[in-house]
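Structure record follows, encoded as structure tokens.
These numbers come from the heavy atoms of this one structure, side chains and all, not from hydrogens, waters or symmetry mates. Numbers here are sequence positions counted from 1.
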Amino acid sequence: MRLARLTAVAVLAGAALTVPGTARASADQRHVTDDRGRALILHGLNTASRAKNADGLPWITREDVVREARDLGTNSVRYLVQWKNVEPRPGRYDEGYLDAVARRVSWYREQGMHVILDMHQDIYGPAACPGAGNGAPAWATITDGLPCTPQTPWVLTYLQPGVVRAFDNFWNHTGAHPELMRRYAAMWRHVARRFAGDPAVLGYDLINEPFGGTRQLGFFEKPTLTPFYQRVVNAIREVDRDNWIFLEPQPVGPNEGGPTFLDPVRDPRPGGPRLVLAPHLYPLGIDLGGSYSGPTRALARAQLALWRTNLPAAARRLGTPLWIGEVGGMNADAAGAGDFTADWLTLADDLRIGWAYWSNDPGATGVTDANGNPTVFGRLLARPRPRAIAGTPTRISHRSGALTVAWRNRPGVSGPTEIWLPSAAVPRVTGSDPAGRWSWRWDPARKVLSVWHDPTTPTHTVTVR
């Protein structure tokens, strides 16, 4: 999480770069789709910081998942797992751990939520720097004896010699350990084989915030990260032909709106590619613990504008949908916390993309406080939103207490457009289709509005109050 705090110089250099693109999503934007072909607008939380601990499991219970679906209307979750727990010894996989993950995935399945399994790392792994880090197992952590002392803030630990060398050996920048990436791909093949048949699992986030060690930006993403992703995608497709695969750019730069230098990855899936560009969104001033006011607000808004241009342009170049894998992280009592949240929510709606908020952990940056009461973030995230759109989305907007969703027909799509509302009260619904040619149904238990459009009308607009 929030690796981009490493160095303000590198971040600002990356954010200053732009690539051609438009401020809003283009007509040819791709979307993650469900088994009916509907565009999924994925809204959810990251589960959870507790999963970074030794056992690799979050703190959640079934009741917590029920409450999240009821109170926030989330339709997805970015669920953290760790390589060290999946493969504690080379080639030996801990099926007990995967059983525990599968049990928790079933809780999300009961609520109709989509699960993205995120292979998480911070500071490479706990063996790279005693007292810090999560992710890689000790046997895959090769520091060549270089030292590491945990730093404050914690992300500065990435710059410690032992951590840098662990990454350089993993990416084989040293030329000494090509086996590590091979083992990582084989580990993902095992995980994908285990979850390929689980209807709740939508896809796999291959590595959290990949850090290039001594190589950064285009010197890392093009020659190293792109072929690494190709290797893992190929391994997963040997056992899973259907689930989506989420590819993160490096964090330094793209997190703040700078461009990514990833090259296209080929998906060997026979039915067409299912790859997603999954950057994070952490403006520098916010990420450093600042407020959303004064100069910090101006800097953050500039980086939001850059993100709005550069990351959709990258997704179009790569031929993928776009999804924000992490966003948030601001303290609820910081000046402008609500305004920042409203601004990034508007950015996501304008681009018609989903997000996973960091995180579901209660506290100052969470959606609930330590007593379980909604924070400003929880209140703002629990707003009306589309979950699945029966066509190609062309507009999602909130204005004057109303949600407007527009889309155009796309061949092969079936089922209704679904919209979640925070209240169980019967909504007021208006639509652009001819009278008598469209219909809607309200489910107060799920708080979901289902809209069936007129198939002979090419475009549709629904407004919900």
Side-chain angles (χ1 to χ4, degrees), residues 24-46 68-69 72-78 108 111-116 200 202-203 205 244 246 274-281 307-308 311-312 315 320-328 341-342 344-357 380-399 402-410 413-422 427 429 440 443 446-453 459-464:
R24 292 179 181 269
S26 68
D28 60 353
Q29 176 183 345
R30 295 193 66 228
H31 290 86
V32 178
T33 54
D34 65 8
D35 56 4
R36 296 181 176 186
R38 298 180 298 179
L40 292 175
I41 309 298
L42 299 169
H43 301 100
L45 308 178
N46 279 266
E68 178 185 322
L72 294 177
T74 52
N75 67 341
S76 60
V77 61
R78 184 173 180 252
Y108 291 97
Q111 301 304 312
M113 295 167 66
H114 302 285
V115 178
I116 297 101
L202 179 72
D205 190 336
W244 293 82
F246 294 74
R274 286 191 171 179
L275 305 177
V276 182
L277 182 63
H280 297 173
L281 174 55
W307 203 103
R308 180 190 290 262
L311 278 304
T320 69
L322 182 65
W323 175 71
I324 305 173
E326 285 187 24
V327 62
T341 305
W344 71 253
L345 282 170
T346 297
L347 178 151
D349 285 344
D350 286 349
L351 297 175
R352 304 183 295 283
I353 62 175
W355 41 262
Y357 182 81
L380 287 169
L381 297 188
R383 69 178 186 175
R385 66 174 72 97
R387 298 157 57 97
I389 299 177
T392 299
T394 57
R395 180 185 175 195
I396 300 172
S397 67
H398 290 80
R399 195 180 300 260
L403 167 68
T404 298
V405 181
W407 66 97
R408 67 172 185 267
N409 291 347
R410 190 174 70 247
V413 179
S414 63
T417 291
E418 295 184 355
I419 298 171
W420 181 84
L421 303 172
V429 185
W440 58 273
D443 182 342
R446 295 171 58 227
K447 296 190 283 191
V448 171
L449 174 73
S450 297
V451 178
W452 287 265
H453 64 254
T459 61
H460 319 274
T461 301
V462 168
T463 299
V464 184

> Can any side-chain N or O of N46 pair as donor or acceptor with the backbone N or O of Y357 at less than 3.5 Å?
Replying inline: yes
>> For the CG atom of L311 and the CG atom of L277, what is their distance to the nearest 0.5 Å?
In response: 6.0 Å
> Between CD1 of I116 and CG of D205, what distance do you get to the nearest 0.5 Å?
Replying inline: 8.0 Å
> Stepwise, does the side chain to side chain contact (heavy atoms under 4.5 Å, CB included) test hold for N75 with E418?
Replying inline: CA-CA 11 Å; N75 67 341; E418 295 184 355; over 6 Å; no
> Taking the side chain as C-beta and beyond, is there a heavy-atom pair between I419 and L403 under 4.5 Å?
Replying inline: yes
>> Between R352 (side chain only) and I396 (backbone N and O only), is there a donor and an acceptor less than 3.5 Å apart?
In response: no
>> Within the 4.5 Å heavy-atom criterion, are E68 and Q111 side-chain neighbours or not?
In response: no
> Taking all non-hydrogen atoms of both residues, which atom of T417 and which atom of A390 are closest, and how far apart?
Replying inline: OG1-N, 3.0 Å
>> Any side-chain to backbone donor/acceptor pair from Q29 onto L351? Under 3.5 Å, distance only.
In response: yes
> Which pair of non-hydrogen atoms, one from P422 and one from A382, has the smallest distance, and what is that distance?
Replying inline: CB-O, 3.5 Å
> Within the distance-only criterion (no hydrogens, no angle test), does the side chain of T463 pair as donor or acceptor with the backbone N or O of T404 below 3.5 angstrom?
Replying inline: no
> Is there a side-chain contact between V451 and P416 (heavy atoms, below 4.5 Å)?
Replying inline: no
>> To the closest 0.5 Å, what do you measure between CG (L202) and CG (D35)?
In response: 10.5 Å
> How about H43 and W420: does a side-chain donor come under 3.5 Å of a side-chain acceptor?
Replying inline: no
>> Can you confirm whether H453 sits close enough to W407 that some side-chain heavy atom of one is under 4.5 Å from a side-chain heavy atom of the other?
In response: yes
> Got a second to check how far H280's NE2 is from E326's CD, nearest 0.5 Å?
Replying inline: 4.0 Å
> Taking the side chain as C-beta and beyond, is there a heavy-atom pair between P279 and L322 under 4.5 Å?
Replying inline: yes
>> Using the ring centroid of each side chain, check whether W344 and W355 are separated by less than 6.0 Å.
In response: yes
>> Assess the residue pair R408 and T394 against the criterion (side-chain hydrogen bond (donor to acceptor under 3.5 Å, both in side chains)); give the C-alpha distance rounded to whole Å, side-chain angles, the decisive distance to 0.1 Å, and a yes or no.
In response: CA-CA 7 Å; R408 67 172 185 267; T394 57; over 6 Å; no
> Going from CG on N409 to NE2 on H460, what distance comes out if it is rounded to the nearest 0.5 angstrom?
Replying inline: 3.5 Å
> Do the side chain of H114 and the main chain of D34 share a donor and acceptor less than 3.5 angstrom apart?
Replying inline: no
> What closest approach, in Å, do R410 and G391 show between heavy atoms, and which atom pair accounts for it?
Replying inline: NH1-O, 2.7 Å
>> Against S76, only a single residue in L45, L42, I41 fulfils side-chain contact (heavy atoms from CB on, under 4.5 Å); can you say which?
In response: L42
> Hey, what do you get for CZ (R395) to CD1 (I389), rounding to the nearest 0.5 Å?
Replying inline: 12.5 Å
>> Please find the pair of heavy atoms, one from V464 and one from P427, that lie closest to each other, and give the distance.
In response: CG1-CB, 3.8 Å
> If you look at every heavy atom in W244 and H31, which pair is closest and at what distance?
Replying inline: CH2-O, 3.7 Å
